[in-house]
Amino acid sequence: MIQWICCLVTFFACILGTICGMGGGIVIKPVLDATGVMSVAAITFLSGCTVVAMTCWNVGKNLVKRESVLELPTTLILAVGATIGGFLGKELFNRVAACFADQNTAGGVQAILLLLATFATLIYTMRKDRIASKQVKSPWVGLGLGVVLGVLGSFLGIGGGPFNVALLSYFFSMPTKKATQNSLLIVLFSQLTSTVKTIAAGAPAFDPSILAGMILLAILGSEVGRRINKKIDNRQATLCLEGAMVLIMVINVYNAIKFLG
């Protein structure tokens, strides 16, 4: 039963995440937390592994099909920062979880931070047509922004999602679809670092068949979402992103009450 829940949540999360460019991890993590099928630590780890697999698949496919619109070296600088941030974010999660007698309480902290970050991103997304975007050139600023994204994605176990897209849109003037592809590389670096660190320190107990099923369904879901994404324009993708963020906020309010109430 647990395997079916995890796999179905992953499948539909990745369809939605690929359509609107926010990634499946930001949906997988809070939804599975809400179901309570596993510990917060196990869900964070499985979500992170799934995000890595799905991101590798999407980045690789874009490169093979020559559909990549990566802005190098900007995205590489951000990715290097995200690698550093991925390590720091996982260490921060471990320290926060250690502060509570019940480590699942850390899920409440994650829910609140994800709620606030999603709300801020939603406000920006809704008003970005009236906000002048920047064109950052400094590699040091790019590195710092990458660290921030890496810490956030790794601590929350979601990859990056709409936060990456919003940051790339504002600081580097990228349209939604282009920002989505560049976000994938940043997510790959941050989550891969976080996952490797978790494995080295001792991964939480989980059923390997659940992880295998989640990875398979994540790839299938991303392929379905990719086909739909190609048929919509930037405005439709943005509207989908806004609706998804509202849904995520509602789920995180529930999770915050569940874990901290």
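This chain uses plain numbering: 1 for the first residue, then up along the sequence.
- With hydrogens and angles ignored, the 3.5 Å screen pairs a side-chain donor or acceptor of S154 with a backbone N or O of K90.
- Annotation: the span from I131 atom CD1 to M126 atom CE amounts to 11.5 Å, rounded to 0.5 Å.
- Atom CG of L156 sits about 10.5 Å away from atom OG of S194, to the nearest 0.5 Å.
- Clustering ILVMFWY residues whenever any of their side-chain heavy atoms sit less than 4.5 angstrom apart, transitively, puts L122 in the very cluster that holds L152.
- Closest heavy-atom contact between T118 and F163: N-CE2, 3.6 Å.
- Shortest non-hydrogen contact noted between P204 and A42 is CG-CA, 3.8 Å.
- Counting only heavy atoms from C-beta outward, the side chains of I123 and R127 approach each other to under 4.5 Å.
- No donor-acceptor distance shorter than 3.5 angstrom exists from the side chain of S183 to the backbone of A179, with no hydrogens or angles considered.
- The two atoms that bring A256 and I112 nearest to each other are CB-CG1, 3.9 Å, heavy atoms only.
- A 4.5 Å side-chain heavy-atom check between L76 and L185 finds at least one atom pair inside the cut-off.
- Within the cation-pi definition used here (under 6.0 Å to the ring centroid, within 45° of the axis), K134 does not qualify as a partner of F171.
- The shortest heavy-atom contact between S190 and G150 is CB-CA, 3.8 Å.
- When all heavy atoms are compared, the tightest approach of L78 to G142 is CD2-O, 3.1 Å.
- In this structure, I219 and F11 have side chains that are not in contact, with every pair of non-hydrogen atoms separated by 4.5 Å or more.
- Interatomic distance, T121 OG1 to L116 CG, rounded to the nearest 0.5 Å: 10.5 Å.
- More than 12 heavy atoms of other residues, nucleotides or ligands lie within 6.0 Å of CZ in F206, so this atom counts as buried by the packing criterion.
- Two residues are said to be in side-chain contact when any heavy atoms from C-beta on lie closer than 4.5 Å; I26 and L114 meet this criterion.
- For the atom pair I210 CD1 and I215 CD1, the distance stands at 12.5 Å (nearest 0.5 Å).
- Remark: side-chain polar atoms of T105 are paired, donor with acceptor, to backbone N or O of D102 under 3.5 angstrom.
- Between the side chain of Q191 and the main chain of L188, no donor-acceptor pair closer than 3.5 Å is present.
- Contact check for F172 versus T75: no side-chain heavy atoms found under the 4.5 Å cut-off.
- A salt bridge does not link R227 to E223: none of the charged nitrogens lies less than 4.0 Å from a carboxylate oxygen.
- Linking Ile, Leu, Val, Met, Phe, Trp and Tyr whenever their side-chain heavy atoms come within less than 4.5 Å leaves M54 and V165 in two separate clusters.
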Item to complete: Starting from the C-alpha separation in whole Å, work towards a yes-or-no answer on side chain to side chain contact (heavy atoms under 4.5 Å, CB included) for V246 and E242.
Response: CA-CA 6 Å; V246 171; E242 292 172 356; 5.9 Å; no

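- Panel note: side chain S173, backbone S169; no donor-acceptor pair is recorded below 3.5 Å.
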Worksheet item: After noting the C-alpha distance and the side-chain angles of T44 and F155, does the key distance pass the side chain to side chain contact (heavy atoms under 4.5 Å, CB included) rule?
Response: CA-CA 9 Å; T44 300; F155 179 83; over 6 Å; no

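- Taking the side chain as every heavy atom from C-beta outward, I28 and C14 approach each other to under 4.5 Å.
- Judged by distance alone, the side chain of T50 and the main-chain N or O of M214 form no donor-acceptor pair under 3.5 Å.
- Between the CH2 atom of W4 and the CG atom of L217 there is a distance of 8.5 Å, given to the nearest 0.5 Å.
- With 3.5 Å as the limit, one finds a donor-acceptor pair spanning the side chains of Q110 and K29.
- Within the 3.5 Å criterion, the main-chain N or O of L192 finds no donor-acceptor partner in the side chain of T195.
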Practice prompt. Kindly determine whether F93 and V40 satisfy side chain to side chain contact (heavy atoms under 4.5 Å, CB included), including the steps that lead there.
Written response: CA-CA 11 Å; F93 174 78; V40 167; 4.3 Å; yes

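- Here side chain to side chain donor-acceptor pair (under 3.5 Å) pairs that include residues 246-261, with residues two or more places apart or in two chains, number zero.
- With rounding to the nearest 0.5 Å, the separation of OG in S133 from CG in L168 is 11.5 Å.
- Of the options I228, I232, L16, a side-chain contact (heavy atoms from CB on, under 4.5 Å) to C240 is made by L16 and by none of the others.
- Linking Ile, Leu, Val, Met, Phe, Trp and Tyr whenever their side-chain heavy atoms come within less than 4.5 Å leaves W140 and I186 in two separate clusters.
- Between G25 and P30 the shortest heavy-atom distance is O-CD, 4.2 Å.
- Ring orientation note: the planes of Y170 and Y124 are nearly perpendicular, at an angle over 60° on the 30°/60° scale.
- Cluster membership check: M174 does not share its hydrophobic cluster with V148, using side-chain heavy-atom separations under 4.5 Å among Ile, Leu, Val, Met, Phe, Trp and Tyr.
- Side-chain contact between Q135 and K137 is present, with at least one heavy-atom pair separated by less than 4.5 Å.
- Hydrophobic clustering (side-chain heavy atoms under 4.5 Å, transitive across Ile, Leu, Val, Met, Phe, Trp, Tyr) keeps L239 apart from F119.
- Residues S47 and L32 are not in side-chain contact: their nearest non-hydrogen atoms beyond the backbone lie 4.5 Å or more apart.
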